[in-house]
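Below is one structure; the comments refer to it alone.
Order of listing sets the numbers, starting from 1, for every ligand and every atom in it.
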Amino acid sequence: MRYSQLFIPTVKEVPADAEVLSHQLMLRSGMIRKVASGIYMYLPLGQRCLLKVINIVREEMDRAGALEVLMPSVQPAELWQQTGRDVDYGPTLAHMTDRQDRQNVLSPTAEEVCTHVVAGELKSYKQMPFNLYQISFKFRDEFRPRFGVLRSREFIMKDAYSFDTDEESLEKSYRAMYNAYCRIFQRCGVDYVIVEAESGEMGGSGSHQFTIPCESGEDVIVYTEDSKYAANIEKAPVDPLPRLERQATSDEQPENIHTPNVGTIDAVCEFLKTKPSGMIKTLIFTTGHGTIAVLLRGDHDLNEEKLTQTLSGSKFELADEATIRKVTSAKVGFASPVGLADKVDKIIIDHAVAAMAVGVTGANKTDYHTKNVVPSRDFPLEGDNIIVADIRNAVEGDTYQGKKLLFKRGIEVGQVFKLGRKYSTKLNCKYLDEDGKEQNPLMGCYGIGINRIVASAIELGHDKDGIIWPISIAPFEVLITSVNIDDEQVAKVSEDIYSELKRKGIDVLLDDRDLRAGVKFKDADLIGIPVRITVGKKAVADGNVELKLRARQDKELIPIDSAVEKTVEIVNDLKQKLEAS
Ligand code: ATP
Ligand code: MG
């Protein structure tokens, strides 16, 4: 393709509202433009990258035996009500009422529709196993769309749904997808790690997450120092802390201190000369089964997934002010576990709180905190409605199975789930087994974010001048920069190499614009095409062109005659390195 005929609006300045590098570079290189919050248009360069990723994903899904289908984006809300996920997804699920007043949702994923349609067709065990996939737009009204296309509201996802008769067969389907994902990320040229994950809203029994380690990632990966175990932070378990021996102060009795206008943990710590790790936070939640109190050390964060597990899957939300007043007899921010056991339906205590010798809590009295609160002495750690469990995020210093935990940030690019029978049961999807008995199939689901792969590749591959693409997903493989287009010889050499490379099936872009060389080189660095041929007057006069890789500094002069052959060799070599074994 010719640069002069392409629409590549590059920008010199770093866009003010783009926080992460991939977002900045996608805007600057003219790949995308923002249309609304979390909604982007992909311009020609961006679309070419998406298509390259899509091709790889499609090839690997087909290779793994999955069957491509296309499901609707607008889906009857009723199906989502049947699984209860209209509630689970909350405001992230976008609704659309049609002119007949029918309620629809915009698909954020497609377990419901897929299972519903399969339910209408599935009759016998003989039809299974099979796996249906699609590559399509998904819409999620994200709470905070950000980081460009990494967390957008509309994005392209490859989602697949497998149907099996027994665990062994499901395991096979799951492994096939797991392996296909490894091949996809290898071929896209992005380094990845696989970690154990929680299944979250999906439900189900097992899940792995594919994550690209990088600083700007929103996910936190936790792994043991021997690297034998890795999980995302939502899942990562921690060993209970050793129970601390009572210190001298703990013999002192609880004492209420007047703490007016000190609301935050930090303010209370400063006022009472203690550390957040010496405080006990008491959070009040409402659940479908009543009100619960959750105790955490002041420096720890609640892990919602772990709490959900502890509550056997029950949903919870922070109690409203009236409930908190009723339970604690104080305004928000002064709850204490002391005397709370009779006032709530359940108390969930994190292991780390149970291990504390003594702590500072609220006082169940507005504007008061209590010093010298001793777990077990001043509030119970055992009882019918008391659970001590692991409900917090792992932090620096924690161990799992005795091994130190280490942390790394990353971008989640894909996730695979064993769903079990959750959806097939709720959506009445059945078949007759070998004995003629009705059964619900076992399902798995498998998602990959196409746009996230593109942005992650930029997070991994860039320098101060721009993008450095892996050749497999670059918008073009080769860029020919014709430096002096008005020089007849330069123009001819450029055109010849261009048409010859095209003839050989190379994806080549010819920069034929009538612009200063400096501008063209800057754009070349910014858009990051991996292999670059520069055709300049002086070199051409000597019978040469210049060859350079975007990822390297050194340049090589090669005879015009062998330019095509050499370029094809380099392209093939770069591609070879990304081939999956
Ligand atoms: P996250 O935890 O980042 O919100 P998720 O776990 O909800 O993602 P899944 O339901 O597993 O996402 O969706 C499958 C894939 O779709 C993700 O691995 C990710 O690559 C992609 N994806 C999900 N949400 C977005 C989004 N808002 N923008 C771009 N890609 C997304
Ligand atoms: Mg996920």
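Taking all heavy atoms of Glu234, Met157, Gln415 into account, the minimum distance to atom 14 (C) of ligand 1 is reached by Met157. Scanning Arg140, Lys158, Lys138, Gln209 for the heavy atom closest to atom 9 (P) of ligand 1 points to Arg140. Comparing Phe417, Phe139, Phe155 by heavy-atom distance to atom 31 (C) of ligand 1, the nearest is Phe155. Checking Arg151, Arg153, Glu218 against atom 3 (O) of ligand 1, the nearest heavy atom belongs to Arg151. Atom 21 (C) of ligand 1 has its nearest heavy-atom neighbour, among Cys445, Gly449, Gly217, in Gly449. Among Asn232, Leu150, Ile156, the residue whose heavy atom lies closest to atom 29 (C) of ligand 1 is Leu150.
In this structure, Arg48 forms a cation-pi arrangement with Phe476, its terminal cationic atom sitting closer than 6.0 Å to the ring centre and no more than 45° off the ring axis. A cation-pi arrangement is found for Lys408 relative to Tyr223, the charged atom lying closer than 6.0 Å to the ring centre and inside a 45° cone about the ring normal.
Residue Glu412 has at least one nitrogen or oxygen atom sitting less than 3.5 Å from a nitrogen or oxygen atom of ligand 1, judged on distance alone.
At a heavy-atom cutoff of 4.0 Å, ligand 1 is contacted by no atom of Asn451, backbone or side chain. Here Arg452 has side-chain heavy atoms under 4.0 Å from ligand 1, and that is the only part of it that gets that close. No part of Asp159 comes within 4.0 Å of ligand 1, judged by heavy-atom distances.
Within Glu412, the N/O/S atom positioned nearest the Mg ion (ligand 2) carries the name OE2.
Heavy-atom contacts of Glu142 reach the following atoms of ligand 1: 24 (N), 26 (C), 27 (N) (cutoff under 4.0 Å). Remark: ligand 1 atoms within the under-4.0 Å shell around heavy atoms of Gly414 are 18 (O).
Side-chain N or O atoms of Lys138 include none that pairs as donor or acceptor with a backbone N or O of Asp159 at under 3.5 Å. Distance alone, capped at 3.5 Å, is enough to place a donor-acceptor pair between the Ser424 side chain and the Pro441 backbone.
Between Ile411 and ligand 1 there is no heavy-atom distance shorter than 4.0 Å. Remark: distances from the non-hydrogen atoms of Val413 to ligand 1 include one below 4.0 Å.
The Mg ion (ligand 2) does not have Gln209 among its coordinating residues (no N/O/S atom, backbone or side chain, under 2.8 Å).
Close placement of the Trp80 and Tyr89 rings is indicated, their centers lying within 6.0 Å of each other. Under the 6.0 Å cut-off for aromatic ring centres, Phe155 and Phe137 do not qualify, their centroids lying 6.0 Å or more apart. The distance between the ring centers of Tyr431 and Tyr125 does not fall below 6.0 angstrom.
Considering Tyr446, Phe185, Phe210, Phe417 as possible partners of Tyr178, the one that fulfils the ring pair (Phe, Tyr, Trp, His ring centres under 6.0 Å) test is Phe210.
With respect to the salt-bridge test (charged N to carboxylate O, under 4.0 angstrom), the residues Arg146 and Glu218 qualify. The pair Lys575-Glu477 meets the salt-bridge criterion, with a side-chain N (NZ, NE, NH1 or NH2) lying under 4.0 Å from an Asp/Glu carboxylate O.
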